Every structure is written in structure tokens, then in C-alpha cells.
Amino acid sequence: MRLGEIQELEVVKITENGVYLADPDGQTEPLAPGLPELRRVLLPRNQVPKQAEPGMRIRVFLYRDSEDRPIATTTMPPLTLGRVAMLPVREVTRIGAFLCWGLAKDLFLPFKEQIARVKAGDNVLVALYLDKSSRLCATARVYDYLLTDSNYKVNDHVSGTVYELIDSFGAFVAVDNRYSALIPKQELFRPLKVGDFIEARVSNVHEDGKLTLSLREQTHIQITDDAAAVYEKLVNAGGFLPYHDKTDPEVIKREFSLSKNAFKRAIGHLMKEGKLTISNSGIKAVGFDSSHPRI
């Protein structure tokens, strides 16, 4: 019997308070490190199947109740020990946050296990672990809990949750809230924050199975959208913008949310279509009349 895990246990005694369950193989391992061996655990009366009898096996989840006693439940929470799930925040107290996970006792998320401070009503991606006191707790530091055995390939489209931002690396993403992925800093052309749900393209699958993502399509597909966005901005500015192929990359990123190379490809595409001209002072829409925009 183990805390935080789903297991099948055998009914060994029926009482007014419920039924007592034990390992059907007769093993008496500790529930968790630091805890004594437990020979049986209570499944409360309101969760006992009507046909329960000694010898019957029941699928349960083990945790500790509000009085810190080991207890079984037939309610299956959305995550088990070492797994990851998105959970809503019920409340935040002076010691940390408490998350709803479908059980009578909320799941504790300590402040030290939060990457960004949460508030009631937020949804937060967490993993389940045992703390030093052998209590089940949540952590938002999920990097080590994510899997690397996805079937995704390069150029597949995926979705996931941003769970951490590090300036020197980029945005760490849990694809399907399950697999380890990174959007490199050079691919971040729009602001992201922890908790954001994103859709992206797989740009690389590493030997260890971790994914590299891009928020942009393949170049031959993306160029059309980029060109349309640049031209729309040009039209909205009255037909002229003081930016060109020699403009500082950081300025381009700030003004267009594009890399310098993507911007150059976009304006080159527009030039081939005869929609703009480039000079030392900037880009200008061809045949543009501010009173009658040609889009």
C-alpha cells in the first residue's frame, strides 16, 4: 500500500464506519518513507460498494485525511504520485495555496514550490510528490516530472501549457500537460507568461526525446501571413513606415513581433508582388491613397 497511488486492495473487515482494506498479497510495506508499516486502511462507509464482502477487491486511492490519518477513497483524483495535471486554486493562505483535486482534503501547494504566485480561481500545472514529512503535496516545478516519450515528429502541431520562463533559455512548455518541451528565447516574438495555453509547431525532437517548439509555421507557409501583417501595419500608418532591411533587429521585433530575417522575407515578398518600395528612409506602399486604402 502506497500513498498517492491507485491500487486494488482486499476487504478484510467490515465495520459500522466502513471497511478495512489490506494488500491482497499480505505485504506490509510502509505507506511512505518515514511512516510505519500499515496492515490495513479504512475505506469510509459512504464509499463502500453495496455488495462489499471479505475477500472482495476494491480499486482505491490512498492519501491522508484532515487529521493526518491514512485513508482510502474510491474517488480517483486527476493526478497520482509523480504525475502532472492542471488543478484549480481554491484559496491562498499565509502558508501557501490549496488546490481542488476532487478529494475531501484539498492538495497543498507550498509557496516555495510555486514558480509564479497564484490566486484563488487560477489554474496551475502541478506534479504530486511526498514532502519530507511524507505528506502528499503539489509542486509547480514540473520539469523533472514531464515525460520524453511522445510520438510527435518535426512539423507536427501541438498544444500545451507554459510552466516556466527563464530569460537565458526561453519558455518551458508541458505539451499535452505531459511532455517536456522548450520554446527557445530566439523564437519568442510575443510575450508569454506562466499558465498560458499555447499552440505551436515541433521544430526539433532531440535524442533524449525532449521537444523544441516554434510559435511560427514553416518559412514557406509563414511568409504569407508575415507579409499580410506588415502590409496591414503599413496601410494603417498611412502608407509609410520608417523601417527597412537595415533597421535594428530589436526595433523590428518590438514593432512587428518578427525576427529581422522574417521581416526581410516579408518585405521582399511584398516587393515581388509590387505592393511596396524600400528606401533609406523606410518602406512605402505602392499606389497607396490614404483616403481609399488598397489592402
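Values in this document were obtained by computation on a predicted structure and should not be read as measured data. Positions are given from 1, in the same order as the sequence printed here.
- Between Ala138 and Leu99, the shortest heavy-atom distance links the atoms CB-CD1, 3.9 Å.
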Original post:
Given Arg135 and Arg64, is the side chain to side chain contact (heavy atoms under 4.5 Å, CB included) satisfied, shown in steps?
Top reply: CA-CA 8 Å; Arg135 295 174 301 182; Arg64 293 165 80 170; 4.1 Å; yes

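- A donor and an acceptor atom, one from each side chain of Ser214 and Glu187, are located under 3.5 Å apart.
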Original post:
Could you go step by step and tell me if Ile283 and Val230 meet the side chain to side chain contact (heavy atoms under 4.5 Å, CB included) rule?
Top reply: CA-CA 10 Å; Ile283 54 177; Val230 170; 4.2 Å; yes

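- A donor-acceptor distance shorter than 3.5 angstrom exists from the side chain of Arg141 to the backbone of Lys112, with no hydrogens or angles considered.
- Listed by first then second residue, pairs satisfying ring pair (Phe, Tyr, Trp, His ring centres under 6.0 Å) with a partner in residues 115-135 number zero, not counting sequence neighbours.
- Enclosure of atom OH in Tyr143 is not indicated, since only 12 or fewer non-hydrogen atoms of other residues, nucleotides or ligands lie within 6.0 angstrom.
- For the pair Lys284 and Phe240, the cation-pi criterion (under 6.0 Å, within 45° of the ring axis) is not fulfilled.
- Under a hydrophobic-cluster definition in which Ile, Leu, Val, Met, Phe, Trp and Tyr are linked whenever side-chain heavy atoms come within less than 4.5 Å, directly or via other members, Val126 and Phe108 are assigned to different clusters.
- Of all non-hydrogen atoms in Leu165 and Ala171, the two that sit nearest each other are CD2-CB, 3.4 Å.
- Sequence neighbours left out, the pairs with a member in residues 81-95 that pass side chain to side chain donor-acceptor pair (under 3.5 Å) are Arg90-Asp106.
- With 3.5 Å as the limit, one finds a donor-acceptor pair spanning the side chains of Asn177 and Thr161.
- In this structure Thr247 satisfies the side chain to side chain contact (heavy atoms under 4.5 Å, CB included) test together with Tyr243, His244, Val251, Ile252, sequence neighbours excluded.
- Ionic pairing of Arg216 and Asp226 is present here: one or more N-O contacts between side-chain nitrogen and carboxylate oxygen are shorter than 4.0 angstrom.
- Between Val205 and Tyr152, the shortest heavy-atom contact is CG2-O, 3.6 Å.
- With Asp122 contributing its side chain and Val124 its backbone, the two residues share no donor-acceptor pair below 3.5 Å.
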**OP:** Assess whether side chain to side chain contact (heavy atoms under 4.5 Å, CB included) is satisfied between Ile14 and Tyr20, documenting all intermediate values.
**Re:** CA-CA 6 Å; Ile14 299 176; Tyr20 282 93; over 6 Å; no

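- Linking Ile, Leu, Val, Met, Phe, Trp and Tyr whenever their side-chain heavy atoms come within less than 4.5 Å puts Leu182 and Leu125 in one cluster.
- Met76 and Leu107 end up in the same hydrophobic cluster when Ile, Leu, Val, Met, Phe, Trp and Tyr side chains are linked at under 4.5 Å.
- Not one N or O on the side chain of Glu113 forms a donor-acceptor pair closer than 3.5 Å with the backbone of Ala140.
- Taking both residues in full, the closest heavy atoms of Arg57 and Glu8 are given as CD-OE1, 4.0 Å, listed atom of the first, atom of the second, then distance.
- Under the 6.0 Å distance and 45° angle rule, Lys105 does not count as a cation-pi partner of Tyr63.
- Using a distance-only test at 3.5 Å, with no hydrogens or angles considered, no donor-acceptor pair links the side chain of Thr212 to the main chain of Ser203.
- Heavy-atom contacts from other residues, nucleotides or ligands closer than 6.0 Å to CG of Asn151 number 12 or fewer.
- In this structure, a donor-acceptor pair under 3.5 Å is absent between the side chains of Asp196 and Tyr163.
- In the model, Glu5 has no side-chain atom that pairs as donor or acceptor with a side-chain atom of Thr80 under 3.5 Å.
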